[in-house]
Amino acid sequence: MSTEGLNETPATPETAPSNFIRDIIIQDNKTGKHGGRVHTRFPPEPNGYLHIGHAKSICLNFGLAKEFGGKCNLRFDDTNPSKEETEYVDSIINDVRWLGFDWEDRLFYASDYFEQLYQWAIQLIKQGQAYVCDLTAEQVRETRGTTTEPGTESPYRNRSVEVNLDLFQRMRAGDFPDGSRTLRSKIDMASPNFNMRDPVMYRILRAEHHRTGNDWLIYPMYDYTHGECDSIEGITHSICTLEFEDHRPLYDWYVESLGIHRPQQIEFDRLNLTNTMLSKRKLLLLVQKGYVSGWDDPRMPTLSGIRRRGYTPEALRAFCGSIGVSKTNGTIEFPLLEHHIREDLNARAARVMAVVDPIKVIIDNYPDGQTEELEAANHPDKPEMGMRKVPFSKVLYIERDDFREVPPPKYYRLFPGQEVRLRYAYFIKCVSVVKDSNGEVTEVHCTYDPASRGGNSPDGRKVKSTIHWVSAEHALTFEARLYESLLLEDAPQSDDIATQLNPTSLVVKANAKIEPSVKGAAPNTHFQFERVGYFNVDLDSTDEKLVCNRTVQLKDTWAKIAKK
RNA sequence: UGGGAGAUCGUUCAACGGUAGGACAGCAGACUCUGACUCUGCUUAUCGGGGUUCGAAUCCCUGUCUCCCAGCCA
């Protein structure tokens, strides 16, 4: 045991907190398995936008490479042109970069290797390990067998090498219609692993590819492609998610049959998060059906959505580092993500006063028409972030929730007879209220103590509460977009997305008020609206109209007390 | 049902035959010009049953439960 941290051992690969993949790499480096090299890759298919689940994989792959002085490639797995688009390629490049990772000059595409893959397919045909099959998709399915029964061999399985070579060449040349033939691996129709029952390597598909256009009429399947791409790039550790465990024997079969460099496939559990969905298919549905405004809707778990919401790459990286890597298949609680964004923003975001749901306060004994400027700190713990001036006058707005005509137990904000502090300003005491015909309070009348200017009374008098405010005359009106989780707390497990959506996932406050100092703030500037939450300036903001997104609420002890 | 993988506080990750620990969440308190932050303390776990061992979360056997697989998707 260490002696009270006297000679603290520096963190080494052996002593730092680890995970099973890191352990494998450490072990491999010890045995010299890959010559001490660490080369990983992040291989998305460009068929949608990246989400937080991908962030876990990105941080893992790039993080491991960085830690061990290795490299990590960005490679697009673009073997199915019917689903892939340049729009997705661009967004993925942008998102990985935003997350803070650099693939240097190693941006690759599976489609870069189409010709090589084709040549290797010919090699497998020549080795008697691949054949052209004329069965239809339906027939292939019917002959695949079941969990308990072996499949039956294709009648085309034993064609001669010459015939196979000719047919395969003609598949490429366009002699046959889509779906009429495939190139299959000759492995084992009786294997308990379905992936080994003569898997399809190539299909005939007349679809325009986002990079190769109409050059190809046949496209390689994932299983045939992935290991070889890894091999070409010299990947040492090919990290993927759990559902590919069953594919590993096939991955190995291809690189071994071809006699090329064999990377090691390692599977880990994909990220699951409560209160949101991380399936590309469902996210696409949300976009298509208009439940959200787009892939970058701030409620979306996509990197572009979460970025617009105000999450930072630093927070996301910290989150990914904290969730660990295993094969357990668990679900992370959303509050852990919120914890990390609060932690990051608490350290960096400038404080500002904004009233999201305003109610008018009139200081009866404050001179009409008078304005003064009060000093406010931009950050309570960071004097280097400076001070700013906040205008004060007779008519103010405070948060509606900060006033109660009849205070509940333990409520110590403003109510008739109660004295509170206006942050950085004065002590005020509520003396009366004005109501409209519905009995709703429209004005709260107070008196202030001029001696308490700046926020403290010379007589040492204490107040229980400090509330935030803006001057009605000086405040900017802005639109506050208040977000909650996309899905209901106890969302029913079903494919019907509509029934799972949280109806209050977005609440727009069009008449929110904010101190004038924020005027002109650039999009994506982060603020803490004191006592309310962390917000950032939305892309929709213009010079005339400020729009802010609530990134995350501040922790709210009062809300818990009030609930009891 | 055949194959593959997994099971440790509420959640998640660690402990790699030698004191079950951290983070988040929760609870209680201190501090506070943010009911924020910070700080202090507390609650709670080795899936069941056998074995091996001086000693088992860890090794062995057995049972149970959960996840993945029968695309010409990735």
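Within every chain, numbering begins at 1; the chains are lettered A, B, ... in the order of the sequence lines, protein sequences first and strands thereafter.
- Residues that satisfy the side-chain contact (heavy atoms from CB on, under 4.5 Å) test with A:Asn193, not counting sequence neighbours, are A:Ser191, A:Asn195, A:Met196, A:Asp246, A:Pro249.
- Interface residues of residues 195-207 of chain A facing RNA chain B, ordered by number: A:Val200, A:Arg203; criterion, heavy-atom separation under 4.0 Å.
- Residue-level contact check: A:Thr557 touches the backbone only, with heavy atoms under 4.0 Å from sugar-phosphate atoms and none from bases.
- Judged by centroid separation below 5.5 Å and plane tilt below 30°, A:Phe194 does not stack onto the base of B:G3.
- A heavy-atom distance below 4.0 Å to RNA chain B is reached by these residues of residues 81-88 of chain A, ordered by number: A:Lys83.
- Note on A:Lys410: a base of the nucleic acid sits closer than 4.0 angstrom, heavy atoms only.
- Atom SG in A:Cys59 sits 11.5 Å away from atom CG in A:Leu64 (nearest 0.5 Å).
- Every side-chain contact (heavy atoms from CB on, under 4.5 Å) that A:Thr241 has, sequence neighbours left out, goes to A:Glu243, A:Phe244, A:Phe268, A:Arg270.
- When heavy atoms are screened at a 4.0 angstrom cut-off, A:Leu250 is found touching no nucleic acid atom at all.
- Remark: A:Lys513 engages no residue in a salt bridge (charged side-chain N to carboxylate O under 4.0 Å, His left out) (not counting sequence neighbours).
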Filtered N/O pairs between nucleotides 12-14 of chain B and protein, under 3.5 Å:
unit_1: B:U12; atom_1: OP1; unit_2: A:Thr331; atom_2: N; d: 3.2
unit_1: B:U12; atom_1: O2'; unit_2: A:Ile323; atom_2: O; d: 3.2
unit_1: B:C13; atom_1: OP1; unit_2: A:Ser326; atom_2: OG; d: 2.5
unit_1: B:A14; atom_1: OP1; unit_2: A:Val325; atom_2: O; d: 3.4

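- The salt bridge (Lys or Arg N to Asp or Glu O under 4.0 Å) pairs that include a residue from residues 186-202 of chain A are A:Arg157-A:Asp198, where partners are two or more places apart or lie in different chains.
- Considering only the side chain of A:Pro335, B:C24 comes nearest among B:C27, B:C73, B:C24.
- Between the side chain of A:Asp246 and the base of B:G3, at least one donor-acceptor pair of N or O atoms lies under 3.5 Å.
- Heavy-atom distances under 4.0 Å link RNA chain B to no residue of residues 168-178 of chain A.
- If you check every strand for non-hydrogen atoms under 4.0 Å, A:Asn80 touches sugar and phosphate atoms only.
- Between the side chain of A:Tyr219 and the main chain of A:Ala207, a donor-acceptor pair closer than 3.5 Å is present.
- Within the model, atoms NZ of A:Lys280 and CD of A:Glu45 stand 6.0 Å from one another, a figure rounded to the nearest 0.5 Å.
- Every pair tested for salt bridge (Lys or Arg N to Asp or Glu O under 4.0 Å) that includes a residue from residues 140-152 of chain A fails, sequence neighbours excluded, so the list is empty.
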What nitrogen or oxygen pairs link the protein and nucleotides 39-45 of chain B at under 3.5 Å?
none

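- Within residues 341-353 of chain A, the residues that have a heavy atom under 4.0 Å from RNA chain B are, in order of number, A:Asn346, A:Arg351.
- Stem regions for RNA chain B, each three or more consecutive Watson-Crick or G-U pairs with both distances under 3.5 Å and listed by first number, read B:2-7 with B:64-69, B:10-13 with B:21-24, B:26-30 with B:38-42, B:47-51 with B:59-63.
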